[in-house]
Amino acid sequence: MKSEPSVFSIDDLKAYKVTCWDGVRNYQARNFMRDAMKIGDGVLFYHSSTQPSGIAGLAEVVKESYPDYTAFDPKDIHYDPKSDPSKPTWYMVDVKFVKASKSIIALDRLKAIPALKNMVLFKYGRLSVQPVTPEEWKIILSLPEWD
DNA sequence: GCCAACGTTGGC
DNA sequence: GCCAACGTTGGC
């Protein structure tokens, strides 16, 4: 899951402990949250649009998808009049803080690991919620930044 | 701030 | 259903 740290960072998640992942307004990203993310699933927390961009921590899914109510609020920046409360367009999940990495695992670094070459992160860079394979997860969790 | 790579919108 | 125009994301 990607977030601009100036908007919501791994430190914010640490402070909040649990947060709803609201504001996703992309169908593919929504589908992953709505259809694929289950309680207990691990989440790589990625800082985007920053220097350097990269993985900043770990989170875990604690609540499966439910309607993103920020879409119903005209005063919310993520308001979407097309989302009908009786048939919501947008969904979100809740995630909890697990840990921060000791340092950012930069995108360059991830790209340099041959076994990660097929990561969705590299192919669909703009997708804000995307799947990670068990193999990719294992490799990333074995990096020294988690010690 | 620029630009590539999308995704979305709307005219036809 | 096509496609041009426009908007957004995110790396650099």
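Quick note on labels: first sequence line is chain A, next is B, and so on, each numbered from 1. Quick caveat: nothing in here was measured; it's all calculated off a predicted structure.
Contact between the side-chain N/O atoms of A:Ser53 and the OP1/OP2 oxygens of C:dG11 is found at a separation under 4.0 Å. For C:dG10, the OP1/OP2 oxygens have a side-chain nitrogen or oxygen of A:Lys2 closer than 4.0 Å.
The listed nucleotides are C:dG11, C:dC12, B:dT9; the one nearest the side chain of A:Lys82 is B:dT9. Looking at the side chain of A:Gln28, the nearest of the listed nucleotides B:dG7, C:dC12, C:dG10 is B:dG7. For A:Tyr27, the side-chain atoms get nearest to B:dT8 when compared with the rest of C:dC12, B:dC6, B:dT8. Listed candidates were B:dC6, C:dC12, B:dG7. Nearest to the side chain of A:Asn26 is B:dG7. Considering only side-chain atoms of A:Asp108, the nucleotide from C:dG10, C:dG11, C:dC12 that sits closest is C:dC12.
Salt-bridge check for A:Arg109 with A:Glu145: passed, with a basic side-chain N closer than 4.0 Å to an acidic carboxylate O. The pair A:Arg25-A:Asp68 meets the salt-bridge criterion, with a side-chain N (NZ, NE, NH1 or NH2) lying under 4.0 Å from an Asp/Glu carboxylate O.
When heavy atoms are screened at a 4.0 angstrom cut-off, A:Ser49 is found touching base atoms of the nucleic acid. A:Phe122 comes within 4.0 angstrom of nothing in the nucleic acid, heavy atoms only.
Note that the CG atom of A:Asp12 and the NZ atom of A:Lys14 stand 12.0 Å from one another [nearest 0.5 Å].
Rounded to an integer number of Å, the gap from CG of A:Asp80 to P of C:dG7 is 17 Å. Counting to the nearest Å, the C1' atom of B:dC6 and the OH atom of A:Tyr124 are 11 Å from each other. Atom pair A:His47:NE2 and C:dG11:P shows a separation of 12 Å (rounding to whole Å applied). Rounded to whole angstrom, the span from the OH atom of A:Tyr46 across to the C1' atom of C:dT9 amounts to 12 Å. Going from atom CZ of A:Arg126 over to atom P of B:dC3 covers 17 Å, rounded to whole Å. Across the protein-nucleic acid pair, A:Leu121 atom CG and C:dG11 atom C1' stand 11 Å apart, rounded to whole Å. Nucleotide B:dA5 holds its C1' atom 14 Å from the CD atom of A:Gln130, rounded to whole Å. A straight line from NZ of A:Lys123 to C1' of C:dG10 spans 18 Å, rounded to a whole angstrom.
A donor atom on one side chain and an acceptor atom on the other are not found under 3.5 Å apart for A:Asp94 and A:Trp21.
Note: A:Tyr66 and A:Tyr69 have tilted aromatic rings, judged against thresholds of 30 and 60 degrees for the angle between ring planes.
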